[in-house]
Amino acid sequence: MLLTLASGSLLFPGLFALSTWALRRSRPEWTFSDCVMIGTRVVSSVQAVLATGSGILIIRSCSNVISDRHWLAREYVWFVIPYMVYDIWAMYFCEWCRTSDQNLRYTLIFRNFLSQNRLMITHHVVILLILVPVAQKLRGDLGDFFVGCIFTAELSTPFVSLGRILIQHKQQHTLLYKVNGVLTLVTFLVCRILLFPFMYWSYGQQIGLSLFQVPFNIPFHCNVANIFLLAPQLYWFSLLCKKAARLFDTAQAKKNG
């Protein structure tokens, strides 16, 4: 546990510092703020790849979705704790860099940071204060398969990060941006929305129930927890769909014009 925590504490800030330094050296025409924001996207994408890979390994190793075990189901949770702490700091640091030329007071910068990132901050805090204890202690020795499923939800993150980088450099008109947008929607839908019916279906297959019977045959708090996890994903997916619709409408207007 301590070694894993220490590894994450070194890897994520270290990768951020290395990415920012490398971008400053290779792209001197970019501002420090540009390099910092891209550096955070690089770290988020690396963490997403590690989480998704861990999740796939766990899922493939658990033939019994209830009782089978895999060491990564607990160990990677320890690894992700320092990432969540780092990412909260990184969001604040990006806000500070973005507004550094405006001579704003630290209290105003901090209020802006809280206001603009409140959902993501809440997401991270809930993971640290609620989901980590559940995953590490409260669930006992059951459910490694479902922990692995939750890890795979990160698959969409690299595509989200690339989209934001392209927007940052005003590349919304490119084919890469459009293809990446489609991949973002598909991976988000599959790995963050349809993931939940898949977990219910997998449980039902294990004990001989249909998908629609499962919610009525598991503890009530499991359904509540899944709804709690699914709700922000539905909100973020709606935002992605609205952005995609605006992009399509703009392209159609230019074509017709």
Side-chain angles (χ1 to χ4, degrees), residues 1-20 39-94 117 119-158 160-161 191-192 195-196 198-199 202-203 206 218-219 221-222 224-226 228-230 232-233:
M1 178 189 77
L2 293 178
L3 180 60
T4 306
L5 284 169
S7 299
S9 299
L10 290 173
L11 174 65
F12 297 118
L15 181 58
F16 167 72
L18 179 63
S19 300
T20 304
T40 63
R41 306 300 179 201
V42 170
V43 177
S44 296
S45 297
V46 168
Q47 192 284 136
V49 170
L50 293 174
T52 302
S54 299
I56 292 171
L57 286 174
I58 295 167
I59 292 169
R60 289 177 60 86
S61 72
C62 294
S63 55
N64 186 309
V65 304
I66 301 171
S67 60
D68 278 0
R69 308 295 309 282
H70 193 287
W71 63 273
L72 273 172
R74 290 194 186 278
E75 206 62 26
Y76 194 81
V77 174
W78 294 123
F79 191 65
V80 85
I81 290 173
Y83 169 75
M84 291 295 167
V85 176
Y86 148 80
D87 200 44
I88 292 173
W89 170 83
M91 287 188 286
Y92 172 77
F93 189 56
C94 285
N117 299 280
L119 185 57
M120 187 62 73
I121 294 170
T122 302
H123 171 267
H124 284 22
V125 171
V126 166
I127 288 176
L128 289 171
L129 299 184
I130 298 177
L131 296 187
V132 167
V134 169
Q136 299 300 74
K137 295 294 181 184
L138 300 180
R139 68 184 177 92
D141 294 330
L142 303 176
D144 282 14
F145 172 87
F146 301 106
V147 174
C149 289
I150 296 299
F151 287 167
T152 64
E154 289 293 311
L155 180 61
S156 63
T157 298
V160 173
S161 295
C191 294
R192 291 184 179 246
L195 173 69
F196 290 90
F198 170 74
M199 290 193 291
S202 299
Y203 182 84
Q206 187 69 56
I218 61 175
H221 65 266
C222 293
V224 172
N226 284 325
F228 187 74
L229 291 172
L230 179 59
Q233 312 308 326

Which heavy atom of [X] sits nearest to which heavy atom of [Y], and what is that distance?
X: R192; Y: L195; result: N-CB, 4.4 Å
X: G39; Y: F16; result: C-CD1, 3.9 Å
X: S67; Y: N64; result: N-OD1, 3.1 Å
X: C149; Y: M199; result: CB-SD, 3.6 Å

Do side-chain atoms of T20 reach the backbone of A17 as a donor and acceptor pair under 3.5 angstrom?
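It does not hold such a pair.
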
Is a donor on one side and an acceptor on the other found under 3.5 Å between the side chain of Q206 and the backbone of V65?
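Indeed, once roles are kept as given, a pair shorter than 3.5 Å links the two residues.
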
Taking only residues two or more places apart in sequence or in another chain, which ones pass side-chain contact (heavy atoms from CB on, under 4.5 Å) with M1?
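Counting only residues at least two positions away or on another chain, M1 forms a side-chain contact (heavy atoms from CB on, under 4.5 Å) with L5, W78.
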
Any side-chain heavy atom of [X] sitting closer than 4.5 Å to one from [Y]?
X: R139; Y: V147; result: yes
X: Y203; Y: F146; result: yes
X: F151; Y: V80; result: no

Kindly compute the distance separating CD1 (I88) from CG (N117), expressed to the nearest 0.5 Å.
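Rounded to the nearest 0.5 Å, the CD1-CG separation comes out at 10.0 Å.
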
What distance do M84 atom CE and I121 atom CD1 have between them, rounded to the nearest 0.5 Å?
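Reported to 0.5 Å precision, the distance equals 13.0 Å.
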
Would you list the atom pairs, donor with acceptor, under 3.5 Å between side chains in residues 123-137 and any protein atom, with sequence neighbours excluded?
from	atom 1	to	atom 2	distance (Å)
H124	ND1	M120	O	3.3
H124	NE2	D87	OD2	2.7
Q136	NE2	R74	O	3.0

Aromatic centroids of F93 and Y86 separated by under 6.0 Å:
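Not under 6.0 Å, so no.
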
Sequence neighbours left out, what passes side chain to side chain donor-acceptor pair (under 3.5 Å) with [X]? Give chain and number order.
X: S9; value: none
X: E75; value: T4
X: S19; value: none

Just distance, no hydrogens or angles: give the donor-acceptor pairs under 3.5 Å from side chains in residues 43-63, sequence neighbours left out.
from	atom 1	to	atom 2	distance (Å)
S44	OG	T40	O	3.0
S44	OG	Y83	OH	3.2
S45	OG	R41	O	2.9
Q47	OE1	Y76	OH	2.9
Q47	NE2	E154	OE1	3.4
T52	OG1	A48	O	2.8
T52	OG1	L155	N	3.3
S54	OG	L50	O	2.8
S61	OG	L57	O	3.3
S61	OG	I58	O	2.9
S63	OG	D68	OD2	3.0

